[in-house]
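The chain is numbered in sequence order, starting from 1.
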Amino acid sequence: MIRLQAVKEDDKELFWNINQKYLYEMTLYYPDEMDQQGNYHYGYFYAYFEDPKRKAFFIYDDKKMIGFAMLNPYSAIGHSPDYTIAEFTIFPSYRRKHYAFEAAKLILSSYHGQWEIKYNEKNVGAKNLWTAVTASYSPHVYKLNEQETVLEFSN
């Protein structure tokens, strides 16, 4: 059974390490470089422990951590959403098992309001996931550029 567990202050080091692996994977879609210590910059990381409008969750299947999600209310298109998916991943060994779809549906059913979800067009898995998950909400589609798309909807 999929469940969300809030990332707490005590989880900061674990969350940092997991986020670094995710950021490395995202270099397939974005030209981010490592710093001198071999880390990827994520400018808002500490804000998830300081800004009450930001939420971070570990995603579990029963007792196994299988991914994470980060939510905030900051728009990529200049609107005023209640929530955006800032980051979302299911770890590679758990993909193609419907966990992402179940976790995304759980997040959307837990937080009602105006939403924005942005994905990179080159990330076919993300595009397919978010298109399927949001289909019943009839999202408005915004093309930010050739690479990025935002889905806007209410649930």
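Residue Phe49 qualifies as enclosed at atom CZ: its count of foreign heavy atoms under 6.0 Å is above 12. Within a 6.0 Å radius of NE2 in His98, no more than 12 heavy atoms belonging to other residues, nucleotides or ligands are found. The number of heavy-atom neighbours closer than 6.0 Å to OH of Tyr44, taken from other residues, nucleotides and ligands shown, is 12 or below.
Using a distance-only test at 3.5 Å, with no hydrogens or angles considered, a donor-acceptor pair links the side chain of Asp62 to the main chain of Met1. For Asp11 (side chain) and Leu14 (main-chain N/O), no donor-acceptor pair under 3.5 Å exists by modelled atom type. Looking at Asp82, its side chain does come within 3.5 Å of a backbone N or O of Gln114 through a donor-acceptor pair. Under the 3.5 Å distance criterion, the side-chain polar atoms of Asp35 are matched with a main-chain donor or acceptor of Gly38.
In this structure the side chain of Glu116 never reaches within 4.5 angstrom of the side chain of Phe153, judged on heavy atoms. Considering only heavy atoms from C-beta on, Val7 stays 4.5 Å or farther from Tyr48 through its side chain. Side-chain contact between Asp32 and Leu23 is absent, with no heavy-atom pair separated by less than 4.5 Å.
The pair Glu13-Lys8 does not meet the salt-bridge criterion, since no charged nitrogen lies less than 4.0 angstrom from a carboxylate oxygen. At a threshold of 4.0 Å, the pair Glu121-Lys143 counts as salt-bridged, since one of the basic side-chain nitrogens sits closer than that to a carboxylate oxygen. No salt bridge links Glu102 with Lys105; every basic N to acidic carboxylate O contact stays at or beyond 4.0 Å.
Aromatic rings of Trp130 and Phe88 (six-membered ring for Trp) have centroids within the 6.0 Å cut-off, being under it. Between Tyr22 and Phe68, a ring centre-to-centre spacing shorter than 6.0 Å is recorded. Aromatic rings from His79 and Tyr74 are positioned such that their centres are separated by 6.0 Å or more.
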